[in-house]
S.K.: 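Here it is, the structure, as C-alpha cells.
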Amino acid sequence: MANVVVVGSQWGDEGKGKIVDWLSEQADVVVRFQGGHNAGHTLVIDGTTYKLSLLPSGVVRNKLSVIGNGVVLDPKALVAEIDRLKEQGIKVTPDSLRIAENCTLILPLHSELDVARERSSGKGAIGTTGRGIGPAYEDKVGRRAIRLMDLADLQVLNGKIERLLTHHNALRRGLGMEEINARTVYDDLAEIAPKVLPFMDSVWSLLDEKRREGKRILFEGAQGALLDIDHGTYPYVTSSNTVAAQAATGSGLGPNAIGYVLGICKAYTTRVGQGPFPTEQLNEIGKTLGTKGKEFGVVTGRPRRCGWFDAVLVRQTVRTSGIQGIALTKLDILDGFEEIKICTGYKLDGREIDYLPASEHSQARVEPIYETAEGWDEVTAKARSWAELPAQAIKYVRRIEELIGCPVALLSTSPEREDTILMQNPFET
Ligand code: IMO
Ligand code: MG
C-alpha cells in the first residue's frame with residue numbers, strides 16, 4: 001500500500017483535479033504541497049462542477065485535507081474559496097482542513113507587485129496568473145515572509161510587517177507605485193486572522209501520525225514539471241518546485257513517505273502564458289484542439305496555446321519527477337483527426353537531440369521531429385473499457401508509452417470520474 005503523489009507532467013492543466021478526485025475515494029488524507037491559488041483544479045461530480053484553486057480536492061469528498069508548508073497561502077482567497085464551496089453545499093471545517101503553521105502568506109502587496117512587474121516587463125513578461133505567487137516565494141526565500149503562525153502573535157506581527165515593508169516600499173518606489181503603510185497591512189491581517197487560525201496545525205507531525213497509523217496519503221501537485229523553478233522552461237515557469245520530490249519537502253515528510261508517483265499527462269500539449277512550446281500549432285489544428293478541448297484557463301480565463309504531443313518533454317519529466325505511471329487524459333479530443341503527430345525528437349542547429357536543452361535560447365530554437373500516427377473516426381469519449389477503444393487509439397497510447405518509457409496506468413475519457421479506464425491502481429503497487 002503506497003502513498004501516491006499526483007504531479008503534472010507537462011505545463012499544467014493536465015486534468016489533475018479529476019484524477020485526484022478519482023483517487024481520493026481510496027485515500028484518507030489529501031495534501032497540497034506547493035503552489036497556491038494559481039492552480040485551477042476542476043472536479044465534476046454527478047454533473048456538478050467544482051473549481052478549486054487552493055484547497056486540496058479532498059475537501060469535496062470530506063476527506064481530511066491538508067495544506068502543507070510548501071504552499072503560499074492567500075488568506076482572503078482561502079476564505080473566499082471556502083465560502084464558494086459552502087454555496088455549493090460543501091462544508092469546510094477545521095475537522096476537514098488543516099493548514100501548516102509555517103505556511104507563507106500571500107498579501108495584497110504580492111499580487112500588486114506581480115501585476116506591476118508583468119506590466120513593466122513588456123515583451124519579457126512571463127504571463128503569470130497575477131496572484132502574487134512569485135513575490136510571495138521571493139519573500140519566503142528572502143527570510144522576511146509573514147507566515148500563518150505570525151497571525152497568532154499580533155505583538156510580534158508589527159515588527160515583521162515593518163521588515164517586510166522596508167523591502168517592498170523600496171521596490172514600489174522603483175516601480176512608481178504608492179507606498180504602503182504598516183497599519184493597513186496589520187489591520188488587514190488582524191481582521192482575517194480569526195477566520196484562518198482555526199485551521200492551523202503542525203502539519204508535519206499530523207502527517208507523521210497518519211502515516212504511522214497506516215493511513216493512505218494522496219499528495220496533490222499543482223502546475224506541471226515543465227513549470228518547475230529548477231527543471232522547467234526557466235524563466236517561463238512558476239516559482240515553486242513542482243516535481244514529485246517536493247511532496248516531501250512541502251509537507252514535512254521524508255522522501256520515503258512517497259510510494260508511487262503518478263504523472264498526469266494530456267494526449268496532446270497545452271501551455272498558458274509565455275515561453276517555448278516546440279509543438280505549438282498556430283493554425284487550424286491548434287484551434288480545433290483548443291475548441292474541442294475547452295482549453296481556457298480556470299484561474300484567468302485565458303485561452304491556452306495548443307499543440308501535438310511532445311514525447312521528448314514527457315520522457316524528460318518522467319525522469320525528473322520519478323513518474324512510475326501515467327494518467328493519460330483527454331484522448332477523446334483527438335477523435336476525428338485524420339492523422340495525429342507525435343514529436344519524437346528535436347533538431348537543434350542541424351543536430352538531432354532527444355532532450356530539452358537547458359538554455360532558454362536553445363529551447364526557443366529547437367524544431368520538433370514528428371512521426372505520424374493514424375487517426376480514428378470512432379468516439380472514445382466516455383469509454384469505460386479498453387475494449388471500447390478503436391485499434392488506432394490503442395496504438396497511439398501504446399506508442400506514447402514506448403516513447404516516454406513509462407506505462408499508462410489510467411486513461412481518462414471525460415471530465416466525469418466514472419469515465420476512467422484503470423490499468424494499474426496506483427495505491428496497490
Ligand atoms: P494547474 O494546477 C497551467 C503558469 C502561468 C505562467 C507561469 C507563472 O491548474 O495545472 P505564476 O502565477 O505561477 O507565477 O505563473 O505558470 N501557471 C499555470 N499554467 N496550470 C497551472 O496550474 C498554472 N499555474 C501557473 O500561466 O505561465
Ligand atoms: Mg490550471
Side-chain angles (χ1 to χ4, degrees), residues 5-21 30 32-43 49-57 67 70-72 74 77 81 104 106 110-119 121 124-140 219-229 231-243 246-247 250 263-266 269-277 280 290 293-306 317 321 327 329-330 360 363 415:
V5 183
V6 168
V7 283
S9 66
Q10 292 156 320
W11 279 294
D13 305 323
E14 300 93 349
K16 294 180 288 292
K18 172 193 157 160
I19 303 295
V20 169
D21 177 49
V30 184
R32 278 278 310 262
F33 55 86
Q34 48 72 230
H37 64 313
N38 50 347
H41 296 178
T42 306
L43 287 68
T49 302
Y50 303 91
K51 289 181 192 286
L52 302 177
S53 285
L54 184 54
L55 291 168
S57 297
I67 295 181
V71 169
V72 279
D74 182 327
E81 198 166 307
T104 294
I106 302 183
H110 291 122
S111 36
E112 284 166 27
L113 181 60
D114 194 354
V115 173
R117 268 198 195 134
E118 285 282 277
R119 213 176 277 146
S121 299
I126 306 290
T128 72
T129 59
R131 297 278 163 107
I133 306 293
Y137 275 119
E138 285 171 37
D139 283 343
K140 173 183 179 170
F219 297 91
E220 175 177 5
Q223 290 84 50
L226 295 168
L227 288 170
D228 183 280
I229 188 78
H231 303 287
T233 47
Y234 190 93
Y236 301 99
V237 291
T238 192
S239 295
S240 66
N241 282 113
T242 58
V243 293
Q246 175 63 17
I264 317 300
C265 183
K266 228 181 263 196
T269 313
T270 64
R271 160 159 223 179
V272 215
Q274 302 307 305
F277 182 173
E280 182 171 21
K294 301 193 180 70
E295 298 294 354
F296 294 91
V298 174
V299 174
T300 57
R302 289 178 291 177
R304 297 176 185 143
R305 299 156 65 193
C306 298
T317 61
S321 260
T329 61
K330 293 189 134 178
E360 179 189 350
Q363 286 174 2

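These numbers come from the heavy atoms of this one structure, side chains and all, not from hydrogens, waters or symmetry mates. One-based numbering along the sequence shown. Counting starts at 1 for both ligands and their atoms, in listed order.
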S.K.: With no hydrogens and no angle check, just 3.5 Å: does a side-chain donor-acceptor pair link Ser240 and Gln34?
M.R.: yes
S.K.: Provide, to 0.1 Å, the distance between atom 8 (C) of ligand 1 and the closest protein heavy atom, together with that atom's residue and name.
M.R.: Val237 O, 3.4 Å
S.K.: Which ligand 1 atoms are under 4.0 Å away from a heavy-atom of Leu227?
M.R.: 4 (C), 16 (O), 17 (N), 18 (C), 19 (N)
S.K.: Taking 4.0 angstrom as the limit and counting only heavy atoms of Lys16, give me the atoms of ligand 1 inside it, by number and element.
M.R.: 1 (P), 2 (O), 10 (O)
S.K.: Answer yes if the side chains of Arg271 and Thr233 hold a donor-acceptor pair under 3.5 Å, and no otherwise.
M.R.: yes
S.K.: What protein heavy atom is closest to atom 13 (O) of ligand 1, reported as residue, atom name and distance in Å?
M.R.: Thr238 OG1, 2.6 Å
S.K.: Okay, side chain of Tyr50, backbone of His41: is any donor-acceptor separation there less than 3.5 Å?
M.R.: no
S.K.: Just by distance, do the side chain of Lys330 and the backbone of Gly293 share a donor-acceptor pair under 3.5 Å?
M.R.: yes
S.K.: If you have a sec, work out which protein heavy atom is nearest atom 12 (O) of ligand 1 and how many Å separate them, to one decimal?
M.R.: Thr129 OG1, 2.6 Å
S.K.: Do you know which N/O/S atom name in Asp13 is closest to the Mg ion (ligand 2)?
M.R.: OD1
S.K.: Mark up the atoms of ligand 1 that fall under 4.0 Å of a heavy atom belonging to Ala222, in ascending order.
M.R.: 2 (O)
S.K.: Which atom names give the shortest non-hydrogen contact between Tyr236 and Pro276, and what distance separates them?
M.R.: CD1-CD, 3.9 Å
S.K.: In this structure, which one of Gln10, Glu14, Glu295 forms a side chain to side chain donor-acceptor pair (under 3.5 Å) with Lys266?
M.R.: Glu295
S.K.: Applying a strict 4.0 Å limit to heavy atoms, is His41 in contact with ligand 1?
M.R.: yes
S.K.: Let's go through Thr42 and Thr49 carefully: what are the C-alpha distance in whole Å and the side-chain angles of both, what is the deciding distance for side chain to side chain contact (heavy atoms under 4.5 Å, CB included) to 0.1 Å, and is it a yes or a no?
M.R.: CA-CA 7 Å; Thr42 306; Thr49 302; 3.6 Å; yes
S.K.: Distance to 0.1 Å, residue and atom name: give those for the protein heavy atom nearest to atom 25 (C) of ligand 1.
M.R.: Gln223 CG, 3.7 Å
S.K.: Which residue and atom name correspond to the protein heavy atom nearest atom 27 (O) of ligand 1, and how close is it?
M.R.: Val272 O, 3.1 Å
S.K.: Write out the residue and atom name of the closest protein heavy atom to atom 9 (O) of ligand 1, then the distance separating them to 0.1 Å.
M.R.: Gly40 N, 2.9 Å
S.K.: Distance to 0.1 Å, residue and atom name: give those for the protein heavy atom nearest to atom 26 (O) of ligand 1.
M.R.: Arg302 NH2, 3.0 Å
S.K.: In the protein, what heavy atom is nearest to atom 20 (N) of ligand 1, and what distance, to one decimal place, separates them?
M.R.: Asp13 OD1, 3.0 Å
S.K.: Which atoms of ligand 1 sit under 4.0 Å from any heavy atom of Gly273?
M.R.: 27 (O)
S.K.: Of all the atoms in ligand 1, which lie at a distance below 4.0 Å from a heavy atom belonging to Trp11?
M.R.: 3 (C), 19 (N)
S.K.: Between Thr238 and Thr129, is any pair of side-chain heavy atoms under 4.5 Å apart?
M.R.: no
S.K.: Going by the closest heavy atom to atom 5 (C) of ligand 1, which one wins out of Gly132, Gly12, Gly127?
M.R.: Gly127
